[in-house]
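Along the sequence shown, residues carry numbers from 1. As the structure is a computational prediction, the values presented were derived from the model and not from experiment.
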Amino acid sequence: MAVRATEISDLLKQQIQGFSDTATVSNVGQVIAIGDGVATVHGLSQAMQSELVEFTKDGTYGLVLNLEEDAVSVIVMGEYTGIEEGDEVRTTGAIASVPVGEALLGRVVNALGQPIDGKGPIATEKTRPIERIAPGVIKRQDVDTPLQTGTKAIDAMTAIGRGQRQLILGDRQTGKTTVAIDAIINQRDSGVKCIYVAIGQRRAQVAQMVQILEDNGAMENTIVVVASASDPAPMQYIAPFAGTAMGEEFMEQGGDALVVYDDLSKHAQAYRQVSLLVRRPPGREAYPGDVFYLHSRLLERASRMSDELGGGSLTSLPIIETQAGDISAYIPTNVISITDGQIYLESDLFYAGVRPAINTGLSVSRVGGAAQVKGMKKVAGSLRLDMANYRSLAAFAQFGTSDLDASTRAQIERGRVMVEVLKQPQYSPLPVSEQIAILWAGANGFIDDVPVERVREFEAQFLETLRTSYSSVIGDLQEKKELTDEIVESLTKAIKEFKATNNSQADVA
């Protein structure tokens, strides 16, 4: 069959018209040194700070950390043992990002946002860069909406507002994580999305914590980001930034989010390790000079946006582990100076059975009463005074109270009662209405005649009576969130009837 010249020319014209020059240009370099999760790469002259690069041998990604004169230092985000000198590295043109959105709720992911819970892929295509500049002053508004933690001692004396950064610090095994987990559990029905970032913890410990959240119905409202102790230091370094990016997505959609960093001490240690490996000059305690900036640029991203920008909020609860109660050490003082207050958990109180072991003298919220409902503000004012008086007089009590006058003895007894009232079992957050009710009862002397060892039993029975027989009072308090004359009258009637019933039952017994 003969082929006509016109057909050939028509085919050539179609090919020429359909031709598109889509050649991609990428910067290519070679690994000249690799060790401990850090690769030194020569030839990536166009690489950007925090850019993702790909090791073409096995598809592993790395993050550009240092831009040097003739090489770049790349931290490998994954397994680095297969990377060798001479391997090819390509730039991607993308800044390190993680998937975001509601599809991540209820999932356990690594620092790159990849699922590690065995529940399959995450159905979201939206991503956000892990690093971003914090919102400016004009974009923010005052922190005046409470974020209820469900812990009486915190909501009463060191209140946390939406958009605040409240530090939790204390020695090892003093209940820091428990306080944060209680706060997450208490957000089950509040609409606040939670992100828990586990840095440098054992995987078994993280699995146990996930199980606690599931048992308390809070996991479906929570994202767990894990960079465990067995993960490379670079993964531990980027984990809190990844968790913050996930929280910012909810904030910028007009919602409220809470992010817990557990803990930033291990985060600083991971950053120190990475910095020393890339030959950054060490400073105090071998930390690099920008370790303050590391945490300030992270925590400043917590904010409450202005109404024009949706009014969303991102609240941060960073955790710091102290050594032998030394809150004046390098990393604790750094983070104290960045945050809007701190909750200090004291070992001596913990071992004495005061749990949560909050030292009310060293704990403070710089937002204060602005983040409290009216009812809590009313009872918390007298509570702070009572606890201050008790602390100043308690030293005398250890020598006996026989030489003290009646009013001093009464103040000490009131303080002992309130210490018992402020105790709370773990993973049992209380609604703000019930907190106000029991704190009001304690502050107004209705529990003064109850033996100290029976205060917690009295509290549990009284609250159960309120829930069952006086549910309307709790309902009004939950709705109005202030102690109106009618609510005070109803509470007074309820506690008097409860005490009369209890006393009569005790007499019969």
N/O donor to acceptor pairs below 3.5 angstrom from side-chain atoms of residues 93-115, sequence neighbours left out:
residue, atom, partner, partner atom, Å
S97, OG, I95, O, 2.9
R107, NE, D117, OD1, 3.4
R107, NE, D117, OD2, 2.8
R107, NH2, D117, OD1, 3.0
R107, NH2, G120, O, 2.5
N110, OD1, L112, N, 2.9
N110, OD1, G113, N, 3.2
N110, OD1, Q114, N, 2.9
N110, ND2, Q114, OE1, 3.0

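- Salt bridge status for D231 with R203: present, with a side-chain N to carboxylate O gap under 4.0 Å.
- The side-chain hydrogen bond (donor to acceptor under 3.5 Å, both in side chains) pairs that include a residue from residues 28-51 number zero, where partners must be two or more places apart or lie in different chains.
- For Y271, the ring-ring contact (aromatic ring centres under 6.0 Å, His included) partners at least two apart in sequence or on another chain are Y237.
- Using a 4.5 Å heavy-atom cutoff, the side chains of P232 and V76 are not in contact.
- Of the N and O atoms on the side chains of Q148 and N186, not one donor lies less than 3.5 Å from an acceptor on the other residue.
- E420 and K423 are joined by a salt bridge, as a carboxylate oxygen and a charged side-chain nitrogen come within less than 4.0 angstrom of each other.
- Test N221, V192, I160 against L258 for side-chain contact (heavy atoms from CB on, under 4.5 Å) and you get one pass: V192.
- Counting heavy atoms from C-beta outward, K193 and T222 have side chains that stay 4.5 Å or more apart.
- Between L345 and N359 the shortest side-chain heavy-atom distance does not fall below 4.5 Å.
- Inspection of the Y344 and T322 side chains reveals no N or O donor paired with an N or O acceptor under 3.5 Å.
- Counting heavy atoms from C-beta outward, L169 and I319 have side chains that stay 4.5 Å or more apart.
- Residues passing the ring-ring contact (aromatic ring centres under 6.0 Å, His included) test with Y287 are Y330, sequence neighbours excluded.
- Identified under the side-chain hydrogen bond (donor to acceptor under 3.5 Å, both in side chains) test for residues 331-340, with sequence neighbours left out: R165-D340.
- Side-chain contact check for L314 versus M305: every heavy-atom pair is 4.5 Å or farther apart.
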Which donor-acceptor pairs under 3.5 Å do side chains of residues 205-219 form with protein atoms, sequence neighbours excluded?
residue, atom, partner, partner atom, Å
Q211, NE2, D215, OD1, 2.9
N216, ND2, I212, O, 2.7

